[in-house]
Amino acid sequence: MAQLPEIMHRAFFRTVSLLSPRGQGEVLRRYFDWWHRSPDPWRLGTDGYERHKYEATLGQVPARAYRRILEVGCSEGVFTGLLASAHPQADIMAIDISHRALLRARDRTRGAAARTALVQADLVTLATGRDFDLVFCAETLYYVGRPDRLRRASERLTGVLAPGGVLVMVHPWPEAERLHRFVEDDGAMSRIAHHVHDTSPRPFSVAVYQHHPGAAA
Ligand SMILES: C[S@@+](CC[C@H](N)C(=O)[O-])C[C@H]1O[C@@H](n2cnc3c(N)ncnc32)[C@H](O)[C@@H]1O
């Protein structure tokens, strides 16, 4: 059962999502710039649980030579750096709504900079075509709020996939069932792997979906 801080956290972001998409994006940008006022606020670079989650995530990715990879909500680029090492042939675009987070991500991914573009963008209003054959979205969808925004964000995640592309989503379990439901119900997507890691006090789910090569855009 969800704890009170988590219930209040989700209620706060649902309230923000009563604004227009543009207004919501502006509040979130300010909020996450403030949240990143000191380095690595979630200890993504040092916490063993986060490292375990990253390894579990990379371990679920179907082995292929990916050409273009998108990471949504990259924060300070910890996972981005691992991605660049795991897929040295790929061009990576990592987006975050926080400019301050991206400045630190730039430092962290400097070695891979030639292939890694760090872009300030809001998932909810993200405007790119079907350019990516691998997309990651971890620990981000609970910020988008109301179901209509979650639907919109989910449509952006599936809408940037090239035909046959793979989408990997990682969120707390069992909340992931709610957060992933629009992708789950998308007729153009098939779930090809799903692993619930429930041995820690903070269980999480890694869900992998593939866009049907023949599905209409
Ligand atoms: C909890 S961190 C997760 C970082 C990383 N994905 C991971 O799992 O280690 C969430 C990140 O999502 C970003 N974020 C939140 N809402 C966003 C949105 N609508 N569009 C893009 N980034 C967003 C925040 O700025 C923050 O850096």
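Counting convention: from 1, in listed order, for ligands and their atoms alike. The first residue in the sequence is number 1, and the count goes up from there.
- By the 3.5 Å distance cut-off applied to N or O atoms, S98 is not counted among the residues near ligand 1.
- Taking any N or O of E71, backbone or side chain, none lies under 3.5 Å from an N or O belonging to ligand 1.
- Counting atoms of ligand 1 from 1 in the listed order, those under 4.0 Å from a heavy atom of S75 are 4 (C), 27 (O).
- Interface atoms of ligand 1 facing H36, defined by a heavy-atom separation under 4.0 Å, are 25 (O), 27 (O).
- Contacts between W42 and ligand 1 below 4.0 angstrom, taking non-hydrogen atoms only, involve the side chain exclusively.
- Every atom of ligand 1 with a heavy atom of L44 under 4.0 Å away is listed here by number and element: 4 (C), 9 (O).
- With a 6.0 Å radius and a threshold of 12 heavy atoms from other residues, nucleotides or ligands, R191 has its CZ atom above the threshold.
- Taking atom 1 (C) of ligand 1 as the reference point, the nearest protein heavy-atom neighbour is E139 O, 3.4 Å.
- Those atoms of ligand 1 with a heavy atom of D122 less than 4.0 angstrom away are 18 (C), 19 (N), 20 (N).
- Counting protein heavy atoms only, atom 15 (C) of ligand 1 is closest to F32 CE1, 3.4 Å.
- For the pair L123 and ligand 1, the shortest N or O to N or O distance falls below 3.5 Å.
- Among the atoms of Y54, some N or O lies under 3.5 angstrom from an N or O of ligand 1.
- Of all the heavy atoms of A121, the ones lying under 4.0 Å from any atom of ligand 1 belong exclusively to the backbone.
- Of the listed options I95, T140, T125, T140 places a heavy atom closest to atom 12 (O) of ligand 1.
- Considering backbone and side-chain N/O atoms, I97 comes within less than 3.5 Å of an N/O atom of ligand 1.
- Looking at ligand 1, you'll find an N or O of G73 within less than 3.5 Å of one of its N or O atoms.
- Annotation: atom 27 (O) of ligand 1 to nearest protein heavy atom, D96 OD2, 2.7 Å.
- Hydrophobic clustering (ILVMFWY, side-chain heavy atoms < 4.5 Å, transitive): V119 and V72 are in one cluster.
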